[in-house]
Every structure is written in C-alpha cells, then in structure tokens.
Amino acid sequence: MGDCSGAAIAALIALPYGLAMATMMGLPPVLGVFTSILTAPIIALLGRNPVLIGGTASATVPFIAIAARNQGVGGAAKVSVVAAVIMMGFCVLRLGRHITRVPHAVVTGFSCGIGGMMLISQLDIILGVESPATRSAGSTLLQIAAILDRLPHLRPAPLLLGLVVIVAATLVARWSPRAPAPLIGVALAIVLARLCGLHEKEIGALPAVLPPLTGFSWNSRDVFTVLPSAFALAFVSSVNILITSRVVEHFRGRHKRMRTSDADAELGAYGIANIFAGIFGAPPSVGIPARSLAVVRCGGSTRVANLLHAVFLAAILWLGAGFVSHIPLPALAGVTAWMGLCLLDWSAWRRLPKMSRVDAAGFLVTAVSVLVVNAVLAVAIGCWLYVIRRALLSGKSAAESLRMPAVQPEQSAD
C-alpha cells in the first residue's frame with residue numbers, strides 16, 4: 001500500500017512538472033511525461049536504490065534547450081542518447097563511486113537547498129501571481145524578485161487551495177507517517193473547490209499517444225557541438241542522480257554509506273534507460289527528490305513503487321478526461337511545496353550549532369549555493385571547503401615538522 005500510494009502521489013507531481021520542463025526545453029510537452037513512463041521500468045529493474053524515482057529535471061534544461069533550438073527534436077534526441085552512452089562509460093570506468101566521498105554535511109545542505117528551490121518554484125502558482133516573468137526567471141533569486149514584484153496581484157482562491165493541501169498533508173503525516181498525506185490533501189482541495197465554486201486552472205485532458213521513434217543524422221560538426229554538450233549533460237545528470245540517491249537514503253533513515261559498486265550500477269541503469277527514452281525524443285531522466293520523498297513519506301520501500309509510478313502516469317494520460325483532469329493546479333503546487341518543506345530537514349538546522357565549523361560552513365554554503373547558482377555547482381563549492389581545510393591542515397602540519405629541532409644521537413640514546 002505504501003508503494004501504491006507513494007507512486008500515485010509521485011505521478012501527480014510528475015505530471016505538471018514534466019509538462020513544464022519539456023516546454024522549457026522547446027519540446028512537445030507530453031515528452032516530459034513520457035520520460036518517466038519509458039525509463040521507470042528499466043530503472044526499477046537495474047537500479048540499486050529501489051525508491052529513487054527518475055524524471056525530467058531542471059538541471060538538464062539548458063543542454064536540451066540549446067540542442068532543440070539548433071536542430072529540433074532530433075538534435076535534442078541526439079544529445080540525450082550520446083549523454084546516456086557517456087553515463088554508461090562512467091559506470092564501466094567506475095567513476096560513480098567517487099561521489100560517495102561527498103561529505104554528509106554537503107549532502108544535507110544539497111537536500112535543504114533543493115527543498116527551498118521547490119518551495120519557491122511553486123509560490124507564484126499558490127499565490128495566484130503566475131506569469132511568463134515568474135515562470136521564465138533564470139534563477140531562484142530572480143524568481144523570488146518576480147514574485148515579489150507581482151505580490152499586489154495576489155489572489156485568495158489559489159492560496160486557499162495550496163494551503164489546504166500543505167496543512168492537511170502535514171497533519172495527516174503527523175497522525176500516520178505511512179498514510180498518503182499529499183493525496184488526502186489533494187482530495188480535500190478538490191472537494192473545497194467544488195463546494196466553494198473556486199474555478200482555478202486544472203490539469204485538463206492530455207494526449208495519450210506514444211511518441212514515434214525520432215530520426216536524426218550525424219555529421220562531422222557534431223564532434224564539436226554534440227559531444228561537449230553531451231559530456232556536460234552526462235556529468236550534471238550523474239552528479240544529480242547520485243546525490244539525490246544519498247538524500248533519499250538519508251530520509252529513509254539509512255545513514256550508512258552505500259556500497260561503492262552501487263553508485264556505478266545506478267549510473268549504468270540510468271544510462272540504459274535514457275538511451276531508450278532518447279530514441280523516442282524524450283528528455284533524459286535523473287533523480288527527482290520530490291517524487292522519491294513522496295514514496296518514502298507514504299511508506300514505499302520496494303521497486304514496485306517505481307514501476308507503479310510509470311503505470312499511474314500512463315493511466316493518467318489514457319484516462320485524463322476523468323478525475324485527474326479536474327485537479328486544480330494550485331493543489332498540485334501545494335503538494336510540491338509541501339515536499340519542499342519536508343526536504344528542508346529541520347533536524348539539520350537544529351544540529352547546526354553543534355556541528356564542527358567546516359561541517360556547518362559546508363552545510364550552509366551548499367544550501368545557499370543551490371538557490372544562488374545551481375545544484376551541481378553547489379555540491380562542488382561545498383566539497384571545495386573540505387579540500388581547502390585539508391590543504392591548510394597539511395600545510396600547518398608540514399610547517400610544524402620543519403620547526404621541530406633535529407634529534408641528536410646522544411639525546412636519542414638518553
């Protein structure tokens with residue numbers, strides 16, 4: 001039941017998010033949903049983390065958007081397929097295991113930063129001030145500025161629906177940690193909208209036709225255009241997948257380090273899955289914290305949750321004219337915002353005064369950098385603090401050894 005309810009919530013989160021990400025990439029919106037449907041069975045079969053739910057993510061948007069703008073859907077598919085092959089190369093070369101060296105404080109800061117980003121990304125919908133300016137902001141800080149600029153236009157109806165979902169999910173989760181809290185919140189929001197006559201934008205019907213195989217051709221210029229973008233996409237996707245996997249394990253209460261081989265196998269599983277998605281023109285799949293956390297919060301623990309996530313998404317597309325098509329978008333935004341609040345990991349903030357200086361700095365710098373720059377660069381910045389600290393300690397140790405007087409033979413004998 002935990003796998004089933006968690007997969008249902010993950011599918012509801014995936015639907016608007018996948019549509020939005022594909023649109024930002026310049027692809028047909030439904031391809032963002034088919035990413036999850038096409039890759040989930042392979043990830044569930046070959047992946048190492050049973051509740052790491054994959055899908056289209058904002059980290060991959062710049063690379064796919066450039067390819068789609070230059071060469072259309074075929075160009076985007078070309079970059080995705082090459083990036084997937086490179087990820088498989090990372091697996092063969094056993095490069096994924098090095099991500100296990102990322103300090104725990106940096107992983108926790110990454111989780112909190114992603115949670116803040118998820119919460120902020122939904123504020124414009126919840127406050128009823130959504131506009132092209134708030135949706136197309138290049139960074140989280142710019143999005144906050146755009147939202148504050150439109151705050152005088154706040155509408156109470158979407159705010160009420162979003163708050164109902166957040167409050168209901170919070171209360172249900174405290175009452176029963178394994179209950180499908182977000183799903184109950186969405187159901188209450190739908191009932192409230194019907195009773196009060198709140199006519200907010202809904203999901204609506206979606207096309208349910210499997211996209212055709214995408215054709216593309218190769219030429220000599222691709223060595224200088226496709227390969228650099230594909231390598232960068234593979235690197236960003238790999239870091240995202242493995243860091244998200246560690247965050248999910250943290251929220252499952254498993255604080256032991258993963259086996260070194262698990263990280264390599266995870267990259268191989270996503271590489272194979274993304275090749276399959278790429279040939280249909282769908283964007284690459286990476287780990288999604290909100291969907292994975294939804295499964296964990298609802299009590300999901302096996303690979304069945306990943307499979308059901310794809311099954312529910314397919315059912316939503318085929319039966320979209322029914323119940324799901326009438327879900328208000330502010331209610332779904334409330335689900336994502338609630339997941340963001342959960343990812344903020346309040347226990348880590350309470351432990352902050354007791355952390356060592358470098359751990360506290362790594363935690364805070366990583367969390368803030370996720371909002372200011374991007375998730376992958378934030379992890380690099382957090383890790384560099386530990387590199388600098390180790391270099392300073394090594395330099396200090398070497399200086400002390402040079403200052404120590406040499407021991408004379410007769411002193412040694414005494």
Side-chain angles (χ1 to χ4, degrees), residues 5 8-24 29-30 32-33 55-56 58 117-137 140 143-144 146-173 180-208 288 290-291 294 312-313 315-342:
S5 58
I9 287 296
L12 290 176
I13 295 172
L15 190 62
Y17 194 72
L19 295 172
M21 289 299 104
T23 302
M24 291 172 63
V30 76
V33 179
T56 311
S58 58
M117 187 169 64
M118 289 168 53
L119 175 62
I120 293 168
S121 70
Q122 303 303 311
L123 282 180
D124 59 341
I125 299 177
I126 294 175
L127 297 176
V129 296
E130 182 185 7
S131 72
T134 59
R135 291 283 95 185
S136 61
T140 304
Q143 190 169 22
I144 293 175
I147 292 172
L148 292 176
D149 186 57
R150 293 186 57 82
L151 204 55
H153 303 286
L154 181 147
R155 294 191 297 116
L159 178 61
L160 176 62
L161 295 178
L163 288 178
V164 164
V165 174
I166 294 172
V167 173
T170 302
L171 294 177
V172 171
L183 190 59
I184 294 173
V186 170
L188 288 176
I190 293 174
V191 172
L192 180 65
R194 292 296 179 87
L195 291 177
C196 298
L198 305 177
H199 302 289
E200 291 299 316
K201 187 176 180 182
E202 300 175 343
I203 291 178
L206 294 168
I288 306 296
R291 303 180 210 177
F312 281 125
L313 271 176
I316 289 172
L317 291 182
W318 263 267
L319 305 174
F323 170 78
V324 174
S325 64
H326 297 294
I327 295 178
L329 288 183
L332 286 184
V335 173
T336 304
W338 181 77
M339 292 298 173
L341 289 171
C342 294

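These figures come from a predicted structure and were not determined experimentally. Just so it is clear, the values below take in all heavy atoms, side chains as well, and ignore hydrogens, waters and symmetry mates.
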Review point. For Leu163, what residues pass the side chain to side chain contact (heavy atoms under 4.5 Å, CB included) criterion, not counting sequence neighbours?
Key: Leu159

Review point. How close do Arg291 and Ile13 get, heavy atom to heavy atom, and via which atoms?
Key: CG-CG2, 4.2 Å

Exercise for review: Check whether any side-chain heavy atom of Ile316 lies under 4.5 Å from a side-chain heavy atom of Leu12, and answer yes or no.
Suggested key: yes

**Study point:** Shortest non-hydrogen separation from Pro158 to Gly128 and the atoms involved
**Key:** CG-CA, 3.5 Å

Practice item. Would you check if the side chain of Thr56 reaches a backbone N or O of Gly32 as a donor-acceptor pair within less than 3.5 Å? Key: yes

**Study point:** Atom pair CG/CZ of Leu123 and Arg150 - distance to nearest 0.5 Å
**Key:** 14.0 Å

Revision key, fill the gap. Between the CG atom in Leu154 and the CD1 atom in Ile126, the distance rounded to the nearest 0.5 Å is 11.0 Å

**Study point:** Salt bridge Lys201-Glu130, side-chain N to carboxylate O under 4.0 Å
**Key:** no

Revision key, fill the gap. Shortest non-hydrogen pair, Pro328 vs Ile190, comes out as CD-CG1, 3.9 Å

With a cut-off of 3.5 Å and sequence neighbours excluded, list every side-chain donor-acceptor pair involving residues 332-340.
unit_1: Thr336; atom_1: OG1; unit_2: Leu332; atom_2: O; d: 3.4
unit_1: Trp338; atom_1: NE1; unit_2: Thr170; atom_2: OG1; d: 3.1

Point to revise | Straight-line distance of Leu198 CG to Leu192 CG, nearest 0.5 Å | key: 6.0 Å

Exercise for review: Hey, could you give me the CD/CG distance between Gln122 and Leu127, rounded to the nearest 0.5 Å?
Suggested key: 11.0 Å

Check your understanding: Are side-chain heavy atoms of Pro182 and Val165 found at a separation under 4.5 Å?
Key -> no

Exercise for review: Going by the side-chain contact (heavy atoms from CB on, under 4.5 Å) test, name the single residue among Leu161, Val191, Ile327 that passes it with Val186.
Suggested key: Ile327

Check your understanding: Of the non-hydrogen atoms in Ala181 and Ala173, which two are nearest, and what is the gap between them?
Key -> CB-N, 3.9 Å

Review point. Closest heavy-atom contact between Glu200 and Ala157?
Key: OE2-CB, 3.4 Å

Practice item. Check Gly197 against His199 and note the closest heavy-atom contact, atom names and distance. Key: O-CD2, 3.2 Å

